[in-house]
Structure formats: C-alpha cells, structure tokens
Amino acid sequence: MLAKYENKLLKIKESIFEIGTGLISANKLILEGFENCDIEKFNGAKSYIKNISNKTNHIDRDIITILALQSPEASDLRAMVSYLKITNELLRACANTRNFIKGFVNVCSEIDLKTINDYAIPMQKSTVEALEHAIAMINVDCVDEIQECFNKVLIAENKTDELFEMIEANLMEQSKAIEEFGKYHKMLSALRKSEKIADRAMSIASLLLFARIGGEIHQR
Amino acid sequence: MLAKYENKLLKIKESIFEIGTGLISANKLILEGFENCDIEKFNGAKSYIKNISNKTNHIDRDIITILALQSPEASDLRAMVSYLKITNELLRACANTRNFIKGFVNVCSEIDLKTINDYAIPMQKSTVEALEHAIAMINVDCVDEIQECFNKVLIAENKTDELFEMIEANLMEQSKAIEEFGKYHKMLSALRKSEKIADRAMSIASLLLFARIGGEIHQR
Amino acid sequence: MATFESKHKYAHLQEDVIKYFLILAATISILTTFGILFSILFEAIEFFKLKSFVYFFSGTEWTPGVENSQFGALPIFAGTFMITAIAMAVALPIGLGSAIYMSEYSTPNARNVLKPLLEILAGIPTVVYGFFAAITVAPFIVKVATTVGIEASFNSALASGVVMGIMIIPYISSLSDDVISAVPDSLRKGSLALGMTKAETIMDIVIPSALPGIISATLLGISKALGETMIVVMAAGLRPNLSWNILEDMTTVTVRIVDALTGDQAFNSPATLSAFALGLALFVVTLILNVVSVRMIQKFKEKYKMSSL
Amino acid sequence: MAKNKVKIAVKDLNLWYGDKHALHGLNIELYKNKITALIGPSGCGKSTFLRCLNRMNDLITSVRVEGEVVIDGKNIYDKDVDEVSVRKRIGMVFQQPNPFPKSIYENVAYAPLKHGIVKKGSGCDELVEQSLRSAGIWNEVKDILKEPGTGLSGGQQQRLCIARTIAVKPDVILMDEPTSALDPISTEKIEALMLELKKEYTIITVTHNMQQAARIADMTAFFHLGDLIEYDETEKIFINPTQKKTEDYITGRFG
Amino acid sequence: MAKNKVKIAVKDLNLWYGDKHALHGLNIELYKNKITALIGPSGCGKSTFLRCLNRMNDLITSVRVEGEVVIDGKNIYDKDVDEVSVRKRIGMVFQQPNPFPKSIYENVAYAPLKHGIVKKGSGCDELVEQSLRSAGIWNEVKDILKEPGTGLSGGQQQRLCIARTIAVKPDVILMDEPTSALDPISTEKIEALMLELKKEYTIITVTHNMQQAARIADMTAFFHLGDLIEYDETEKIFINPTQKKTEDYITGRFG
Amino acid sequence: MDKNNIFYDPSLKRRHLKSKLFKYFTLFSLVVSLVFLAIFLLDMVLKGSSAVQQTYIQVEVSYNQESIDSYRDAVAKKYLNLLSRAALREIPNQIQKNPSLMGTKQVLWMLADDQVDMYMKEYYYKIDEKDMKTLEELVKNGMVDKKFNTIFFTHGDSKSPEYSGILSAFIGTILTLAVTMLVAFPIGVATAVYLEEFSKQNWWSEFLEININNLAAIPSILFGLLGLAIYINVLGLPRSSALVGGLTLALMTLPIIVVSSRAALRSVPASIRQAGYALGLTKVQVVKDHVIPLAFPGIMTGNIIGLAHAMGETAPLIIVGMIAFIPDSPTSVMEAATVMPAQLFTWAGMPERAYIERTAAGILVLLSLLISLNSLAVYLRKKFEVKW
Ligand SMILES: Nc1ncnc2c1ncn2[C@@H]1O[C@H](COP(=O)(O)OP(=O)(O)OP(=O)(O)O)[C@@H](O)[C@H]1O
Ligand SMILES: Nc1ncnc2c1ncn2[C@@H]1O[C@H](COP(=O)(O)OP(=O)(O)OP(=O)(O)O)[C@@H](O)[C@H]1O
Ligand SMILES: [Mg+2]
Ligand SMILES: [Mg+2]
Ligand SMILES: O=P([O-])([O-])[O-]
C-alpha cells in the first residue's frame, strides 16, 4: 500500500484518539470540579472539547476521501465505517459534556454533598472509566485485549446506568420535600448527561470492536 | 453498472425511507394522542418503530457490503456515507420517540390543557413537519427542490427549539407554585424529546443534502 | 448429471495411425541429410585412398587429367574465398542499406512494392546470372580495364564475384529487413523520446538489436556464395590460380566439381572422385555456417517472440 | 453454506510442471449454480488449477497431476475417463476471445455437430439461436449469422465464445480472466451475462481484478504460491477475511 | 489552486489524424510538481494529448496540430523549436517497458552521452548511479550494471526506463499507462516512485485504472471523445464532480 | 534563433546533418540494387528480343527423288549455304508425309542459315564472299525476310541454332517438376504438420528442426552429388531422366516446403487450438478441421514458391546428366530429358552467336514463367490472408 494512504489512515486514527483523550480529560476535570464545585475547573474542562465539530468534520472528510480514492477493504474498511459512526458519537458525547457543565455550574453549590459524594462522583468516575477504556481500544491491536477493554466499558457503563437510576429514585423520594423545582430538574438533567456520555463510550467501544474483529456492527 | 448493485442501492434507500415514514407515522399518532391523552394511540405509535435497531443494522451491513464489493464513487459514495450516519440518527430519533411516549403516558392526563394546546401541540407539529420534509428529501432528485426541503426542515426545527424554550421558561415561572416536582420534571423531559427528534431530522436533512450536492458533511 | 465417456482401446486408433504416418514423413528429411553426407563421404574416402589427404589441403598443383595427377586444392579454395569475398563486399553494404531504407524510412506502401521487387533478384535462376556475368559483365570489365590500361581476363573473379553479389543482395536485404522490422517499435519510440535523432536511433538502438539477425543473414549469404555453382561455372575460369588479382581468372570448388563430373573420365578415376572430396569440404564449411546462422536467428526469434521470419 | 450443492469436489490435488510443484494438495468444494472466483497474485496457480478441472493440463507434456477432481461423483482423473469427453462437459472460455475464423453460425454449430448433439437441419438452427440468446448476443448478430465471427468487436467475440461453449451443453463453465482483454463496457456486459448464466451453469472464473470478484462472485477462493489460503463467501472474504494473507492481498498490502 | 505554478499551458489545441478530429480545442494548465492524471474511456484521446506535449505526434505522418502548447513560456510548436530538443526536456515513459537491449548501465548512460550532458569517465558513473537511485532501483541493480536491461523483471524494466528518462534531466515526465503491463506489486512500486518523483518533476500520466488516478494524482483531467470534460483536484473529481459525464464515468455507469 | 528559446540547442545541428547523410546512404543502396535489376532485365530483353524473329529466304524447292536421296539437291546450289541445313533435312520427311508433293516445284520461304540471320540482324556474322554476293542480291530482290520465330516454341534442341527451340526442355521441365511436387508436397506438408502439431519438445524434434533448417541452406550442387551417388549409382535409375532430376529436386525443395508450411501452421494462433480442445474435440479433429484449413493458403503459397525455385535450378541437374542433347520432347519420366535452365546453360556454352539470342529469349520465357508463379503465390496469400 502507498505510504500516502497509510499515513492518512494513521492521521485519522490519531485525530479520533485526540478527540477521545480531550473528552476524557474534560470529564476528569469535571470529576475534580465536583469536589468543591470549582467553577474554574468546569470551565477548564470546556476548553478540552472546543471546536470538536470542526475536527470531526475534518475526519469525516478524510474518511470520505479515503473511501473515494483508496477503496479500502476488510479491516481498513471496517475501521473507516466505524470511525464514520464514531465521530457522531464523539460529537454527541462532547455536546453532552458541554451541557453537563453548563447545567451543573448553576446548581452545584446548592446540591447536598451527600448526593454528590454518594452518587454523582461514582457515576462520573464510571463514565470516565468507560471513556478511558473505550478510547484505549483505538490503539489496541491484540484481539483478546480489545475484548477485555470492551468488557470493562460494558461494566462501567452499566454501573453508570444503575447509579443514575438511584439518584433519580432518591430525588423522587425527596421530591415532596423539595421547594425549588427548577434547581432539581436542572441538576437531574445535568447528571443525566454523565450517563449519556457513558452510553456513547459504549457505542464507541462496540464500533471499535467491529472494526477490529468484524461480525455485526453492534448498535443499541 | 451491474443491476445487482443498482438494486442493492435502491433497497437501502427504500429501507431508510421506510424507517423514516414509520417514524413520521409514530410522531403523528403522538400528536393525535395529545388531544385527549389517548394512551392507546401512544401505544399504537410505538408499534411503528419496533425493531428499528435490527433494521438499521441490516442497512449498515448492506452499506458496508457495497463499500467493500462495489467501491462506489461520487454521489453514490456520498449517499453511502450519509446513510451510514443517518441510520445512527434514525436510531436515536426512534429511541427519543419511544422515550417521549413512555414519559408522556404517565403524565399527560395531569398536564394543564393550556400548556399542551399552546406549546406542546405546535411543537410536536413542527417536529413532524421537520421529519416529513427531511424524509421526503430521500426521494427528491432535483437540487432546487431538495434545497427547499432542507430550508423547511431548518425552519420547523427552529420553531421546535423556540417552543421548547418557551415551555421551559413558562414552567420555570410557575415552578414555585407547583407542588409535585416529579410530574413536571417528567413532563419536561418528555417534551424535550420532541425537540430532540426535530434535531435528528435536521441532521438527517443535512446529511441528505450532502449526499445530493456534496460539499461539507454538515454536522451540528 | 455428468457422465464421462470411458476410454476404450481403439478410441484413438485413427489418431495413432495418422501420427505414425507423419513421423515417417519427417524421417525422410533426416535420411536426405545423411544421404548427402554418406554419398559424399564414401566417394571422398575412395578418393583419399588414392590421393594424399594432406596434399589435398596444402598442395597448390591441380592436374587431374594427366599422368601422375596432382590434387592440391589450395588454389581452388583460394579462388572460392576470393569470389565469395567480392560477392559479400557488394552484397553486404547494399543489402543492409536497402534493408534499412525499406524498414525505417520508406512508407509501408512503398515497402510493399520495394521488397518484392528486390526479391525478384533472388528468384532469378542462377544460370541466368551466369549468362549475364559471362556475356555482359565480363566483357564490360575487360573493356573498362583495357581503357585504363590494365589487363583483365574474360573469366575474371571480379565479374562472377560482382554478379554473385547482386544475386545475394536480396538474401541479405530481405532477412535484414525482416529482423529490423521485428525490432519492436517501442525501442525506437523510447530512443526518440529521449531526444535522439532518427539516424542515432537506427545506428545505436535498432541495428544492435537486430544484429544477431543481420549476422545470421550475412552467414547465410556467405554460405550461398560458397555453394553457388552456375555463375562461376559460366563466368569464372577453370584454371586453379593462386593470386590476389581479382581481374585474373580463378576457379572455385563448385566449378571443379561440375567439371569433374561432366568430363568423360571413368567414375572411379581420381579425377572424378576428386569432385566428392571437394564436395565434402564444401559440405562441412557450409554446414558449420548454417548451424551457426540458424542458431542465431532462432535466438533472435525467441527473443522477440516471432513465429516466423 | 450447508444449502449449497457441491458440484465439484477437489481432493488433495497436487500438480507438478516437471520438478516445479505448482499446486500443493488443494481441497475445495465448488458449488452448483454459483460463481466462484479464483483470486491471487500472479503465478499463484489460478489458471493451472482451472485447467485441472477440465484436464486441459493434459496438453502440456511436462505436467503431472495427483489427487482427485470429483465431478458429480466421478473422478475425472480415473483411468477409464476419456479426457476429451471431460472437456465436452466442462466448457472453457479464455482471456483472449478466440472465435474460429468461420461464420458466426458455424462457430456455434461446429462442436454440437461434431459431437452429434444435433444434426444439420434438425435442431441445429434452434440450438444456435438458443445459445446465442443465452449469451445475450442474439439481437446483435441475428442478421449477420453468415459473417465471420472474427469481424465482431472484442466484447462480442467473447460473448460468441461463450455461446459456442454453451452450445455443447456443458454443466460447468470455466473462465480464465474472461474480461481482462476487454474494455469496461464490454466487461460489464460479460459480467451481467455471467450473473445470468449462473442460474443454469456452475461458473468458475479466474480474475486479476479484485473488484470484479467482489462484484459478481458468490464464493471467492484466494490462492497464494500454489496453496489455497482462504475460501469463503465473497462478502466474508472482502469484509472479514480470517487469514492475514487474504486481508493483506485484498487491501493491497501485497501484490 | 492559485498557489499552483503553471508549467504547461495548452491553448486551443486541436489535432487531426487525417480527417479525423481527435482533439477538440483543449485548454488546460498543468501544474509544476504535481501529478496530473488523464482519465477517460478508450479512444478518447488521452494518449494523443500526451504525445502532443513532447511532439511525439510528429512521428505520425497523417497528424496535423493547431494551437499552442506553452512550456515555460515558449510554445513548443513554434517554427524555431526543434522537436528533438523538446523531447529532451520532456521525457516520456511508455506502457510497455522498453529498455534498450544494452546493459543496464548503457541504458541509462546512452542519451546523456549523446546529448553531451556528461562525458565518458567524467561524471557518467555518477549520473547513472544518481538516476538509478532516483528511480528507486539502484539497490536492485548496482551489482549487475553490466547485465542486459532486458533481463530484469517487468517492474524493474519500467523503473529502468524511468531512470533512463531522468538521466537526461527533463523538467516534465509524461507517462502513458506506465503500469498497465505490470503486476500489482510492481505497480505499487512505480506509484510510490511517482509520488517521490513529483517533488522534482512535473508528471503527467495516462491511466485506465481509475483507482490509480485516485491513489496518486493531485489533479485529474477527464477526457471524452476528444473533449476535456472536467479538470480539477483529484478529490473533487472523485467525491464531487461537477459534470454528469464525469460522475457517470467514475461510478462505472459508462465505460 | 533567439536566446529566449529554451529549446534552442546548437549541438543538434551537427546531429541532424549526420542523420540526413545516413538516410541518403541507405536510399542510395536501394537505388543501386534496383538499378542492377533494371540493367539486368534490360540487357536480357535487348539480347533476347531479336530472337522473336527469324530470317527466311524465298527459294524454289523441288520435291523429287534426288531431293529424297540428298536434300542438298532440293534447292539451287548457290543458295545451299544460305539456307538452314536442318530445315533442308526435313524435305525428305515432308515428301514422305505428303506424297502428293512428289515431283512438284514450289516457291517457298525457307529458313535461312543462322549466319544469314545474324547478318540480317546486324550482328557479327561469318559468310564467305560468294555467298555474300548471292545474299545481297536476294535482299535487293526482297526475297529475304524476317518472320515470327515459331520454331523456337515448337521445336526441341538442334545442332543448328536457327532450328533449335525450347519445347523439349519445357516438356522436360514439366515432367521433372511433376515428379518433384508429387514427392515433395505430401512429405513436406506431413513433416510440417508433424513438427508443428504432434511432436513433443524433445531431442528428436529439435534434431529434426535443425536438420531441416540446414537442409534448406545446403548448396544445391551437393544434392546433385546425392542424386548421382544414390539414384543413379545405387538404385540404377536412368541417367538424365526426368525421374532422377525430379527426385533430386524434390529433396531440395522439401525444406522450403517444410519451412513455409510450418510458418503457415504456426501463424494459426494457439487460441484456436485451445478453443477446439476446450470444446471437447480430439487432436486430429482440431488439426484437420481448424488448423490446416486456416494454414492452407500459406501452405500453398510455400509450395508454389518451392516449385518456382525448383524450376530455376540447374547445378544438381547437370550433375545427374540432364544436359543431354534432346531434340525431341520426352514422353515419359524414364526417358532422357533436359530442363529449361539446363538448355539455357547448354546454349550459353555454344560458340555460335545465334545461340546467344536464343539463350536470352529462353531466359525471358523462363523469367516470365517464374514471375507468373510468384504472382500466383502473392495473389493466393493476399486473397486468403486472415487477419488476427
Ligand atoms: N506450461 C508451464 N510450464 C511450466 N511452468 C508453468 C507452466 N504454466 C504455468 N507454470 C508455472 O506455474 C505457476 C502457476 O502458474 P499459473 O499460470 O497457474 O498462475 P496464475 O495464477 O494463473 O497467474 P496469472 O495470474 O499470471 O495468470 C507459475 O509459477 C508458472 O510459472
Ligand atoms: N496513429 C493514428 N492514426 C489515426 N487515428 C488514430 C491514431 N492514433 C489514435 N487514433 C485515433 O484517435 C483517437 C484517440 O486515440 P488515443 O490513442 O489518443 O486514445 P486513448 O484515450 O489513449 O485510448 P486508450 O485508452 O485506448 O489508449 C481514437 O479514436 C483513435 O482511433
Ligand atoms: Mg493465469
Ligand atoms: Mg492510450
Ligand atoms: O544456385 P546454384 O544452382 O547455381 O548452385
């Protein structure tokens, strides 16, 4: 294969990895921000996921170019198709992260610490974990290892789901006692984003799994 | 080009159109259901969007097969790439519709009619409109016409956005007077879905625009 | 359901019969070669039983008719080679030049006319050339020579040599034209695309590529000249003459063979048998030339994947 | 794959050209009414394998074949099988279109007449028409049946050769790079024809053009240096090959 | 595109073979240090156009050319231009590798010596080495420089021909389907070489293989029946052609 | 040239000049060969054209017993040396054939002696003074005239040049060539078919091939030695006969036929054979129905060329004795015969000047036959040429 093409493939992979790591960093910072509602950290997190749609558009364009000019086959083709879908997921995950920050910045100081410590922090931790494992899969070559990563994403995502359900149930219980509706609505909406990000991580992981070993392109 | 390939392309297009019309039908039924909180209608709507992930998986597989076996170029290639992303959007839109129904069935009887008549119905109407125009684009061939459709989707989607903001603002205003927090939270969450569906319609429309006339693969 | 016919014993009997008939036919050509070889060889052996083998190849006296006859064939060989050399000096440059013009410069239509025209020269019976040499060319040479004050024989080596050369031109030009045309056009284009002129392309690329074929053509020409009979019988001398002067008369192997066998000596006399000794020498030399030539042309054909020349 | 009916079963097929071991113990089952494409780098033995299936290799003196090629239950290399009759049942189409320099009609009618499939006058015209129709060239030649087949364009010539092969009523058609000497339009016509023909015949085709295998073949076999590396459904081979070598070849990482 | 430097400007180029109008008023600007691919169906005039660029068409007697081909500011069809010197500056590589039946060394050294670019002994060896290196074949042939060039494999021969062309130090290299006679591995090597060479030379290549144009060309020109239908960046042509004909051609809807 | 012309290269001037000179050299060679051909043909026509006519003298011939006893008495004595002896010798025969002539006197155009003919054609002649006077008188009286030379085409050889013709040699040639083709054609074609279609690549086929190529280039005179040694000395066939000559030429022609037939067979593309085999045909079917029919025009062309070659061959026939004096046409292949080139050789060696024009005329006849044969070959090749 021509070096030109190999390089392009590599570049795409790197760009996706870069966006992925940005996303992870942002979510990690959010986690740190949780601890003392550090608005600066939240805003810092935003800077990791700036201009993402530009970047994904760029990647998509490169992928289309490769499809048009190189007609990749087999694993290369699977990778291109997966990446094409992954950019969608990344874009959503970043949007979710941004919304998370936006929603949380306004309400974080008002939420009781227990809720945060007991649920929000573990949930976000799981989300970060899911993201980390999913993005790591981009650079893993060994089939067993990639399967292992995928399973870890699956576990982390499930945990996120469960924790969010608990938060929801918890708040609902307390809801009668709650005075200001808007605040809680916003908080729940914000926390829901974390769960959604994990969801995306899961999607990314299954797409990468497809790229690596083929089979069904697994969508949920 | 071999008939085999032309047929496959056509089949993919049809499948996507079919999912799209199912989605439209579901959302129309929801609209009807709004009028007298007809739970049967809501449930009926669900039947339009069953097993979608099976269907989209199938489409994705067909697209990959075409990419692998036929190496399409130019507009065919753009169509394949767009469809690959559209299946994602359709899947999400269907999930949103399902969640909409699930969320709304529980609360619809309790929401005051004014809110529904003034905001929810127009919003859902816009959503349906956006979907209709977006899905119609699949079968439009003339560039001017497709551009027109796209603009209509844009307008409808904007309207949906605005209406949702109004609902939110309205509810927030009333929020102090509201007793049961959970109900409103759920309602807002549910109505939010309608806005999201319109969002997806918008994405689909811009992907179809790209498929037809090329240029940037426009993502939001 | 496919069923395959089974093979029975006589299924291909007809094929085999035909095949053996063909093999038989092919064998005849081999018999001919050996026929020639042995018919010459045995009589030549008879001759060498009577006369010295060594003297035959080294002696300079050839006196067949007389008492105590001498058979030193050196002047005969010399005459043969002299006439051959003259013939080639005429045929090679003219033949090659014509071939180059036809294959490289002339239009295909002109070539289609020119080539058969030249080949007429090859189709003319040698007896006709002999007549031409004896009646027209030889007197002309004598006339020219006397006007410049040189003495020339009516049976000069020059006359038969030149005419023989004319006869050989088409052998050289035709085969050379074939091989030059067979040099793939891509080579010419390759050279011209490098900014070479046409003559440079021909001299540096085309001719070297066709060289095996050209050499082969030359060897064939030489072989033709050595074995040529009628021209020399009619236009060259009978006298064995060891000389460098091409205006003198000389004789050749073939002339002496004809002379020996049309004379009225007894068949087993050394005078008659000497024809076979000379024939043997001619056979061996031309055989070697032919084998080399055929080999070279075959290699050339294989190289350019030509089915025929 | 269980539903596929085996037409040709090749068992431990070895082939030598003199000392050169060209096919190394191949085992493969070729299915009825499918197009099987043989792909692989130059010199890997695709043509050699193809020629084993109708014993065309017998014409090369230095060839030695071991193993079995079982067609409809009969090993064609059995002693009691006449190779000429094998070639009658297993037709072959070549890279360079090679119509006989006879009329179009005679091109098609010649072999059936020789084999006694039809008699002159009785059924011959019908067979010619039907064969030319099946080869999708009837409309182009029906008015010029008396003209020489060599006067047709390359693509038409190739379809004429296919018609000629069909006329003998074979079960299997072998094709060795049938389109590599043709322009793209003719190529497409032949490809469409092959898709049509597989309804009635079993087709095995060699191709250098991977896209062609992708386009038309149901099954694809990948050869490399005389070995059968991978044999599977075409989609599988192109989207998810199991062998690294196959993947490298189809992605263009090696010739 | 504004940043591209024009190397060859073709203005209203018309060409006739006898009465046959083969090129219809072409206008095109070919850029320096780019690979431009000419694609189009068979017989559309790609090779004819290419040969106009170094006046190889002069060798065909029936050809008549009108219009201008301006290379570095000079119209090569001007009366005072010697076509031999044009061919010196505009090298050409052909479909069939055509090394001279001389040694590898002589193949490369022949033209430079004749042109007086180098003298035997002084600089000749260096030039040969350098040319062979640039053509990416030095390592394969450095020990067999005295052996005939025709003994190399097809792909090596083609690279030798490229080396030979480079040795004359041209500005532009024209290539007429340089890989269509080669196997995939050799093809890839030549393609890689072309990508390397474009750093120093302007390359115009004809190809039947659309994928090849896609892989290596910066600019692609689509010809049809003697007209230049579309000329643009390769990506543009392959993803978003403006002309229906171009789109139909590259998607395989016509030959 | 202006300095802005980047394509200006002064060194090219010299190279273009060289190129031009080279072209002129090759053109010159070609012209020289064609001039040779022209001179040659012109020379033959000039020398041979006078043989179209022959001189006749009007004299009174008396058919009586004396004439039968001695033809010298048939005409007036003073004319005796001016008339052809051979023609006079025919008078007794004429009377025998036509007894009514007996006793009559007739004024006839009698064939003149060759020297008279030479005189009339203004060549070198040898006539003594007395005869010369008579002749001049005859000429003055218009009793000497040149008429079309039918004798040349209707008679065989003769010791009197004016009475000699080409007919017996022509018949001899036909008989000889018939033998040649009957033998060489089947053997040659069969050999070619064997080598091209049936033989396997092994030492035997290679040996055959080299052998045939060599045979084609062996000097023709050596075939004469073969004929002499084998046909005449070993098999005891009649010397000088068309049979021996034909057999000798057959062996000589064989390689020409084999080589050209092989070329014709080889020009049938392998793909045709493959197509045949792939349709389930046997080897003989493929060769018989496809290969040979396609190669046939080529094979025929080769045969005709071989025939033409044999027709011009002299040397081996001299060796097997076909230069005998044959006044009457042979009627079978076992009889002594001569062939045209041998006849020409014989005439060329005669001292009489009159034979020269006959030789030249014979050459013209021979050449026209050869050219017709070759034209036929070219015509056949063109007509049946298959383009692949
Ligand atoms: N007649 C023959 N004699 C000797 N070796 C042969 C012969 N035919 C083929 N081979 C060798 O056998 C091997 C397989 O050849 P084959 O022609 O089957 O390859 P292929 O896959 O068809 O290649 P291609 O794609 O170039 O047609 C090659 O190494 C070739 O050199
Ligand atoms: N020497 C010639 N004489 C006459 N016509 C010619 C000549 N060369 C080419 N043509 C004609 O000019 C047209 C263009 O030919 P050209 O060879 O340039 O096409 P091409 O695009 O290179 O085709 P291909 O892809 O088959 O090489 C064709 O119609 C061809 O028949
Ligand atoms: Mg092959
Ligand atoms: Mg071309
Ligand atoms: O060609 P010759 O018959 O004179 O040997």
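Lettering follows sequence order; numbering is per chain, from 1.
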Given C:I28 and F:T191, is the side chain to side chain contact (heavy atoms under 4.5 Å, CB included) satisfied, shown in steps?
CA-CA 9 Å; C:I28 291 183; F:T191 306; over 6 Å; no
Start with the C-alpha distance between C:E200 and F:R15, add both sets of side-chain angles, then the distance that settles side chain to side chain contact (heavy atoms under 4.5 Å, CB included), and finish with yes or no.
CA-CA 8 Å; C:E200 285 165 348; F:R15 289 165 59 194; 2.7 Å; yes
Could you go through the side chain to side chain contact (heavy atoms under 4.5 Å, CB included) check for F:M44 and C:F131 one step at a time?
CA-CA 10 Å; F:M44 288 306 130; C:F131 179 70; 3.7 Å; yes
Set out, in order, the CA-CA distance, both residues' side-chain angles and the distance that settles side chain to side chain contact (heavy atoms under 4.5 Å, CB included) for C:V294 and F:I210, then state yes or no.
CA-CA 8 Å; C:V294 165; F:I210 292 175; 5.5 Å; no
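Both the backbone and the side chain of C:M196 have a heavy atom closer than 4.5 Å to some heavy atom of chain F. Interface remark: F:A264 contributes no atoms to any contact with chain C (heavy atom separation under 4.5 Å). Residue contact with chain C, scored on non-hydrogen atoms closer than 4.5 Å, is absent for F:M311. Contacts between F:I305 and chain C at a heavy-atom distance below 4.5 Å are absent for every atom of the residue. Looking at F:L27, both its backbone and its side chain come within 4.5 Å of chain C, counting heavy atoms on both sides. Interface remark: F:I319 contributes side-chain atoms only to the contact with chain C (heavy atom separation under 4.5 Å). Only the side chain of F:L366 comes within less than 4.5 Å of a heavy atom of chain C; its backbone N, CA, C and O stay farther away. F:W347 does not touch chain C: none of its heavy atoms, backbone or side chain, sits under 4.5 Å away. Of the atoms belonging to F:A217, heavy atoms from both backbone and side chain fall under 4.5 Å from chain C. At a 4.5 Å heavy-atom cutoff, the contact between F:F25 and chain C is made by side-chain atoms alone. Only the side chain of F:K47 has a heavy atom closer than 4.5 Å to any heavy atom of chain C. Heavy atoms closer than 4.5 Å to chain C are found in both the backbone and the side chain of F:F345. The parts of F:I187 that come within reach of chain C are both its backbone and its side chain, each placing non-hydrogen atoms under 4.5 angstrom from that chain. Contact annotation for F:E209: only side-chain heavy atoms (C-beta onward) come within less than 4.5 Å of a heavy atom of chain C. For chain C, the nearby part of F:L367 is the side chain; its heavy atoms alone come within less than 4.5 Å. For C:V233, the part lying near chain F is the side chain, with the backbone staying farther off; criterion is any non-hydrogen pair under 4.5 Å. Heavy atoms of C:F132 lying under 4.5 Å from chain F belong to its backbone as well as its side chain.
Note: C:I23 leads C:I23, C:I202, C:I18 in heavy-atom pairs under 4.5 Å with chain F. When the candidates C:L121, C:L117, C:V128 are compared by the number of heavy-atom contacts under 4.5 Å with chain F, C:V128 comes out ahead. In terms of heavy-atom pairs under 4.5 Å with chain F, the best-connected choice from C:F276, C:F283, C:Y105 is C:Y105. Per-residue heavy-atom pair counts under 4.5 Å with chain F were compared for C:L220, C:L114, C:I124, and the maximum is reached by C:I124.
By the 4.5 Å heavy-atom criterion applied to side chains, C:I94 and F:F36 are counted as neighbours. Annotation: side chain of F:L215 is in contact with side chain of C:S29 (closest heavy-atom distance under 4.5 Å). No side-chain heavy atom of F:L370 sits under 4.5 Å from any side-chain heavy atom of C:I120. Within the 4.5 Å cutoff, the side chain of C:L261 has heavy atoms near those of the F:L225 side chain. Between C:V291 and F:N214, some side-chain heavy-atom pair lies under the 4.5 Å cut-off.
Between the NZ atom in F:K18 and the CE atom in C:M203 there is a gap of 10.0 Å [rounded to 0.5 Å]. Here C:I100 contributes atom CD1 and F:L30 contributes atom CG; the two are 11.5 Å apart, rounded to the nearest 0.5 Å. The OG1 atom of C:T33 sits 8.5 Å away from the CD1 atom of F:I212 when rounded to the nearest 0.5 Å. One distance of note links CD1 of C:I166 with CZ of F:F40; it measures 9.0 Å at 0.5 Å rounding. In this structure, the separation between CG on F:N211 and OG1 on C:T32 is 8.0 Å, given to the nearest 0.5 Å. Note that the CD atom of F:E313 and the CE atom of C:M230 stand 9.0 Å from one another [nearest 0.5 Å].
Within the 3.5 Å criterion, the main-chain N or O of C:G123 finds no donor-acceptor partner in the side chain of F:N374. Of the possible polar contacts, none joining the C:T197 side chain to the F:S19 backbone as a donor-acceptor pair under 3.5 Å is found.
Within 6.0 Å of the CE atom in F:M350, the count of heavy atoms belonging to other residues, nucleotides or ligands exceeds 12.
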Kindly list each side-chain donor-acceptor pair under 3.5 angstrom involving residues 34-45 of chain C, sequence neighbours excluded, with atom names and distances?
from	atom 1	to	atom 2	distance (Å)
C:S39	OG	C:G35	O	2.7
C:S39	OG	C:I36	O	3.1

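Across all their heavy atoms, C:T286 and F:P219 have their closest contact at OG1-CD, 3.5 Å.
Checked by atom type, the side-chain pair C:S98/F:S33 shows a donor-acceptor distance below 3.5 Å.
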